[in-house]
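Quick caveat: nothing in here was measured; it's all calculated off a predicted structure. Because only heavy atoms are used, hydrogens play no part in the values below, and waters and symmetry mates are left out as well, while side chains stay in.
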Amino acid sequence: MDLKQHIRSVPDFPKPGILFYDISTLLAHAEAWRETVDRLQVAIEPFKPHKLIGIESRGFLVSAPLAYVLGCGFVMVRKRGKLPGSTIRHTYDLEYGSDTIEVQSDLIERGQKVVVLDDLLATGGTLAAAITLLRTVGAEVKAAACIIELSFLDGRKRLDVPFHSLIAYDS
């Protein structure tokens, strides 16, 4: 199945000049969504993760069903102030400014193997920041994966773990 056929391209969203790759159409197509989860399972299973880490918010959609299939836990990485209880933060630079992400401090045990997932890899900044944050709490980050990779932005060069994507856009 060609999963690209199930991704909608939305020009000028969220602002002029941006081409947004919308996974809503993929999620709405039962067979394509099942194929997506199945392919990610094949890619992630060899790393034998204890937990899958989903990056807010579309990364939750990728990680949660895959964690269920793999029989492992699921943990959220969210923007600052969105998680209850004690959290560990990491602030990172963006093209124009900075952002802060958090993870709950008691959900990952030191030495646990994790794989980080999101829907899309662009420049790699958020995914690299999540990897740094997870290492701060003692996780052993084994790999990262996304449904879509904008390969022309070279985001995977910012990652120091094995990376897998199901769909690549070269321009």
Side-chain angles (χ1 to χ4, degrees), residues 1-79 82 99 101 103 107-108 112-131 133-134 139-171:
M1 177 181 297
D2 182 2
L3 295 178
K4 261 188 185 180
Q5 292 180 353
H6 299 281
I7 304 293
R8 177 175 33 206
S9 300
V10 181
D12 299 318
F13 183 82
K15 60 184 182 178
I18 302 292
L19 180 60
F20 184 82
Y21 293 97
D22 183 14
I23 66 167
S24 298
T25 47
L26 177 71
L27 295 167
H29 191 282
E31 291 173 22
W33 181 233
R34 179 177 301 278
E35 181 70 19
T36 300
V37 173
D38 289 348
R39 289 184 191 180
L40 285 169
Q41 177 185 2
V42 168
I44 300 307
E45 202 163 34
F47 296 102
K48 300 183 184 343
H50 297 106
K51 306 248 171 86
L52 296 185
I53 312 300
I55 298 175
E56 183 171 348
S57 65
R58 288 181 299 273
F60 301 165
L61 300 171
V62 178
S63 301
L66 188 56
Y68 176 79
V69 169
L70 291 173
C72 63
F74 163 63
V75 175
M76 297 178 283
V77 166
R78 298 201 68 186
K79 293 181 180 178
K82 301 286 186 176
D99 206 351
I101 54 175
V103 66
L107 296 183
I108 300 171
Q112 279 191 318
K113 295 183 282 187
V114 303
V115 174
V116 187
L117 294 118
D118 206 350
D119 69 318
L120 182 138
L121 176 70
T123 62
T126 302
L127 198 49
I131 290 168
L133 171 63
L134 293 162
E140 183 183 338
V141 183
K142 301 301 286 181
C146 294
I147 297 171
I148 300 168
E149 177 182 6
L150 305 182
S151 56
F152 61 94
L153 294 177
D154 290 327
R156 71 169 53 218
K157 289 182 179 177
R158 295 183 71 175
L159 308 178
D160 62 357
V161 297
F163 175 76
H164 183 79
S165 63
L166 301 181
I167 300 168
Y169 290 93
D170 299 325
S171 60

Open item on the list: Please evaluate residues L61 and D119 with respect to the criterion side-chain contact (heavy atoms from CB on, under 4.5 Å), reporting the C-alpha separation (whole Å), side-chain torsions for both, the decisive distance (0.1 Å), and the verdict.
Closed with: CA-CA 8 Å; L61 300 171; D119 69 318; over 6 Å; no

TODO: Start with the C-alpha distance between L121 and R156, add both sets of side-chain angles, then the distance that settles side-chain contact (heavy atoms from CB on, under 4.5 Å), and finish with yes or no.
DONE: CA-CA 8 Å; L121 176 70; R156 71 169 53 218; 4.1 Å; yes

Task: Nearest-0.5 Å distance, CE of residue M1 to OG1 of residue T36 - done: 8.0 Å

- [ ] Please report the shortest heavy-atom distance between C146 and L127, naming the atom on each side.
- [x] SG-CD2, 4.3 Å

Open item on the list: I'd like to know whether V114 forms a side-chain contact (heavy atoms from CB on, under 4.5 Å) with V75, so could you lay out the CA-CA distance, the side-chain angles of the two residues, the decisive distance to 0.1 Å, and finally the verdict.
Closed with: CA-CA 10 Å; V114 303; V75 175; over 6 Å; no

Open item on the list: Can you list everything that forms a salt bridge (Lys or Arg N to Asp or Glu O under 4.0 Å) with D99? Sequence neighbours excluded, please.
Closed with: none

TODO: Output all residues satisfying salt bridge (Lys or Arg N to Asp or Glu O under 4.0 Å) with R8, sequence neighbours left out; order by chain, then residue number.
DONE: D22

Task: CD1 on I23 to CH2 on W33, rounded to 0.5 Å - done: 6.0 Å

- [ ] With sequence neighbours left out, write down each residue that passes salt bridge (Lys or Arg N to Asp or Glu O under 4.0 Å) with K142, or none if nothing qualifies.
- [x] E140

Open item on the list: So for atom CZ, which belongs to F152, do other residues, nucleotides or ligands contribute more than 12 heavy atoms lying within a distance under 6.0 Å?
Closed with: yes

Task: Within-4.5 Å side-chain heavy-atom neighbours: M76 and F60 - done: yes

Open item on the list: Testing the basics here: between A67 and L52, what is the closest heavy-atom pair and its distance to 0.1 Å?
Closed with: N-CD1, 3.4 Å

Open item on the list: Please give me the minimum heavy-atom distance between V116 and A130, naming the atom from each residue.
Closed with: CG1-CB, 4.2 Å

Open item on the list: With rounding to the nearest 0.5 angstrom, report the OH to CD1 distance, Y21 to I167.
Closed with: 10.5 Å

Task: Flag side-chain contact, heavy atom, 4.5 Å: L70 against L66 - done: yes

TODO: Mind running side-chain contact (heavy atoms from CB on, under 4.5 Å) on F163 and R158 for me, showing each step along the way?
DONE: CA-CA 11 Å; F163 175 76; R158 295 183 71 175; over 6 Å; no

Open item on the list: Any side-chain to backbone donor/acceptor pair from K51 onto L107? Under 3.5 Å, distance only.
Closed with: yes

Task: P14 versus I18, closest heavy-atom pair with distance - done: CD-CG2, 3.9 Å

TODO: Could you give me the CA-CA distance, side-chain angles and deciding distance for E56 and K82, then say whether salt bridge (Lys or Arg N to Asp or Glu O under 4.0 Å) is met?
DONE: CA-CA 10 Å; E56 183 171 348; K82 301 286 186 176; 5.3 Å; no

TODO: Measure the spacing between CG of L26 and CD1 of I148 and express it to the nearest 0.5 Å.
DONE: 7.5 Å

Task: Charged tip of K4 within 45° of Y169 ring normal and under 6.0 Å - done: yes

TODO: Working to the nearest 0.5 Å, report the span between CG of D12 and CZ of F20.
DONE: 13.0 Å

TODO: Give a yes or no on whether the backbone of H6 and the side-chain of T25 come within a donor-acceptor separation of less than 3.5 Å.
DONE: yes

Task: Flag side-chain contact, heavy atom, 4.5 Å: R39 against L3 - done: yes

- [ ] Drop me the distance from I55's CD1 to S63's OG, to the nearest 0.5 angstrom.
- [x] 8.0 Å

Task: Over all atoms of both residues, closest heavy-atom pair of G59 and D118 - done: N-OD1, 3.3 Å

- [ ] Mind listing the closest non-hydrogen atom pair of L159 and A128 along with its distance?
- [x] CD2-N, 3.8 Å

